[in-house]
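Shown next, in structure tokens, is the structure this report addresses.
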Amino acid sequence: MKSICPFCGVGCGLELMTANNVVVSVKPDPEHVVSRGHICGKGSVAHEALTAWDRLYYPLKKVKGQLERTSWDDSIKYTIESIKNIQKKYGNDSVAFYGGCQNSLEEGYLFQKLARALGTNNVDSCARVCHDPSAKALKEIVGIGAGSNSATEIPKAKVVVVAGESITDSHPVLIQYFLEAKKNGAKIILIDPRTTRLAGFADLHLKVKPMSDIFLFNAVGNYLIQHSMIKQDFIDSRTEGYEEYKENVSKYTIELAAEQTGLAEKDIIAFAKYVSEDRVIFSWGLGLTQSTGTKGIKSYLSLPLLTGNFGKEGAGAIVYRGQTNVQGSGDLIKPDVFPNGEMNDANSEALSRIWGFKPPICKGSSIPETFYGSKKIKALFIMGYNPVRTLPDRDKVKEFLGSLEFLVVQDIFMTDTAGYADVVLPAAAWAEKEGSVSSLDRLVKWRFKAVDPPGIARPDYEILSDLAKAAGYNFSANPKELFEEMKKVATVYSHLNIEDVMDYTKDSRYPNGELHLYEEKFATKSGKAKFVPVDAEKHNDGLILVTGRTVTRYNSDEVVNRIPGMQGYNLKLWINPADAKNIGIEDGTMVKLKSKSGEMDITAKITDDVIPGVVFTYMHNPRINDIVSPEFDDETHTPKYKYTPVTVTK
Ligand SMILES: Nc1nc2c(c(=O)[nH]1)N[C@H]1C(S)=C(S)[C@@H](COP(=O)(O)OP(=O)(O)OC[C@H]3O[C@@H](n4cnc5c(=O)[nH]c(N)nc54)[C@H](O)[C@@H]3O)O[C@H]1N2
Ligand SMILES: Nc1nc2c(c(=O)[nH]1)N[C@H]1C(S)=C(S)[C@@H](COP(=O)(O)OP(=O)(O)OC[C@H]3O[C@@H](n4cnc5c(=O)[nH]c(N)nc54)[C@H](O)[C@@H]3O)O[C@H]1N2
Ligand code: SF4
Ligand SMILES: [Mo]
């Protein structure tokens, strides 16, 4: 049976072998147009988590402080009654719905529809904590909140810039395209304070100080302008806002950038020369979104506009998005935008013609707004999301969940977050249901059902449809019908044909099947791309904690940690030898890592793989978000997981 890997946004094609209603093995699908017969170590054992002994088998309900087994009828009725009672007492906006990036497009679509049927726009996905800054900046600059080029075009580029992304850890199957690009003579530029394995392939590794990238990008923009290394024709005919941009970057000299980023001036100039080539891919990961945020991406994307690097094969933007369907959930589930566009009366009316009810027109509350400030949310519905592990300052997160009058968690496992729930709804996992997912380069593919869910667990789309029914609405629970309905609502998906989506040999990409967008015009209202001037901020010189991924673990680790042979990994804190000397520690010393949010003990690993001034550890560490502090991007509220001032003592 064909399927798509349930982990990262590459969305590799899998072939599932089944016997006696169990997926017994997984092979890479040779036909899939992006993964081309490759999978990584996680993909190859993904099926083993399906049969973990502690899958959720039946609905649970809290009775006298204890979760007890109950029926579907009771749990659905109890959930909707509780939500309605709370809304009656405190108003419709006292309830919020969060999650959905591990879910299919159809499930994400139903999730936001249910929230809106219950009269609230308080609905958000984990794209918020991840690549929302990318989506926001891309939407404003080029018109669509997704990468412009397929990952398969990487080998066509002369230069590939990778900013704040660890390909070999986070999107390992894409390495095949970097190898091919190298073979074709492409230059690889890495911008990362850490020496990741991609550094071994890189022709230039810019080890920037955390949060200093805007100094680099603005200074390079200025240098390109000053040295006539720009494509004036492209700027004149296809962009707007150039003069304001030029004026703004004029103060960013190479000297200033060198001082603020810690890079050598000659390396910054070398970078400027590379990006002025005529086929450059500008790609990025969380090193931008979770530090300099939306502003950082705006400043980065000015470089392809200056150098005419959009609208061609092997030239444009690639965003290494995270979870299996985070591109899709990010497109559909938003508190301030409807799935059919801006939140206004015309779009609400248009939705009411398809839905039979009119969604409210006031901006809802995002995940961080709710968890770190809102007193008005009294009930929460969480689907496929584990904030007790993955949001900053876990004490605050737990305090907020503890303060709720009602919490529902719909998951495949009893997570740390589910421990706080009044109702736990057991969901079918990826291979136990069907539906489509949108991967990081806009490829939409269908997962087919291979086996039945355990116990009486059910697909999220059936549970959501039943909840809607209990609230008096008739929502389809049929993924194919839902796909067609979603297409009517979300116009970027409208040209997709379900037969192509189900055929792994077909390159079924939204919005119109193109491997690279914007050959003729951009998708903005004016048809032109926008230069958006932004400024860099100086930061203090203390130690900064950066958190990131490793290839064998996945996010909150609820899934991979249940796979036999995959348990346990190295939880050390990477420290540069110069910092280790100052602190007076050796390799293997137990240190205290402390921030304004909390403290923990952790073993030091002394290594040149981080620059001085930076300490690094994996985000999968169950306690690390005790330390990471709640600071957020101004425009999207994405947490700055890559920038926590800390102290390290023996
Ligand atoms: N194995 C594995 N794969 C995954 C995941 C997983 O948990 N495990 N998670 C998935 C998800 S949800 C996501 S979003 C993606 C994320 O994939 P990545 O974007 O690769 O995520 P990270 O490893 O968190 O961070 C990337 C890099 O940013 C660098 N960085 C930190 N601060 C800065 C800075 O200020 N400037 C620059 N230029 N770089 C900086 C870090 O050193 C790190 O190497 O991976 C997906 N794939
Ligand atoms: N310190 C630090 N923290 C971070 C980050 C960082 O870099 N540093 N990165 C952030 C990023 S980019 C992300 S995306 C978040 C990820 O944060 P989360 O989304 O909280 O992490 P996951 O572990 O992916 O949680 C997904 C949940 O979905 C469940 N699940 C899987 N399949 C299904 C399904 O089919 N149906 C249902 N209902 N549930 C399912 C899993 O069991 C799991 O509990 O973490 C963020 N947290
Ligand atoms: S690269 Fe990502 S999608 Fe592909 S097999 Fe590995 S985890 Fe799965
Ligand atoms: Mo993510």
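Both counts, for ligands and for their atoms, begin at 1 and track the order of listing. As the structure is a computational prediction, the values presented were derived from the model and not from experiment.
- Counting atoms of ligand 2 from 1 in the listed order, those under 4.0 Å from a heavy atom of N625 are 1 (N), 2 (C), 3 (N).
- Ligand 1 lies under 4.0 Å from heavy atoms of C8, K42, C130, G164, E165, S166, D169, S170, H171, I191, D192, P193, R194, T196, V208, P210, M211, D213, G285, L286, G287, S291, G322, Q323, V546, T547, G548, R549, T550, V551, R553, Y554, N555, H620, K642.
- Both tests do not hold together for K396 against Y372: distance to the six-membered ring centre under 6.0 Å, angle to the ring axis within 45°.
- Atoms of ligand 2 found under 4.0 Å from any heavy atom of N103 (numbered from 1 in listed order, with element): 36 (N).
- Close contacts of ligand 2 with V628, meaning ligand atoms under 4.0 Å from a residue heavy atom, involve 1 (N).
- Aromatic pair Y554/F7: centroids less than 6.0 angstrom apart.
- Remark: the S597 side chain and the S629 side chain contain an N/O donor-acceptor pair separated by less than 3.5 Å.
- A donor-acceptor distance shorter than 3.5 angstrom exists from the side chain of R394 to the backbone of V388, with no hydrogens or angles considered.
- Taken from CH2 in W574 to CG in L545, the straight-line distance is 12.5 Å, to the nearest 0.5 Å.
- By the 4.0 Å N-to-carboxylate-O rule, K334 lies too far from D331 to be salt-bridged with it.
- The atoms of ligand 2 that sit less than 4.0 Å from any heavy atom of T415 are 44 (O).
- Near K433, the atoms of ligand 2 lying under 4.0 angstrom from a non-hydrogen atom of the residue are 34 (C), 35 (O), 36 (N).
- Here the side chains of Y618 and R553 are not in contact, with every heavy-atom distance at 4.5 Å or above.
- Remark: ligand 2 atoms within the under-4.0 Å shell around heavy atoms of D460 are 34 (C), 35 (O), 36 (N), 37 (C), 38 (N).
- Less than 4.0 angstrom separates some heavy atom of A427 from each of these atoms of ligand 2: 36 (N), 37 (C), 38 (N).
- Put simply, the side chain of Q102 does not reach to within 4.5 Å of the side chain of N325, judged on heavy atoms.
- Relative ring orientation between Y300 and W284 is described as perpendicular, the plane-to-plane angle rising above 60° on a 0-90° scale split at 30° and 60°.
- With salt bridges taken as basic N to acidic carboxylate O contacts below 4.0 Å, one links K295 and E537.
- Residue-level proximity to ligand 2 for N386 is carried by backbone and side chain together, each with a heavy atom below 4.0 angstrom.
- For A428, the heavy-atom gap to ligand 2 drops under 4.0 angstrom.
- Between D411 and ligand 2, at least one pair of N/O atoms sits closer than 3.5 Å.
- The minimum heavy-atom distance between D169 and R197, with the atom names listed, is OD1-NH2, 3.0 Å.
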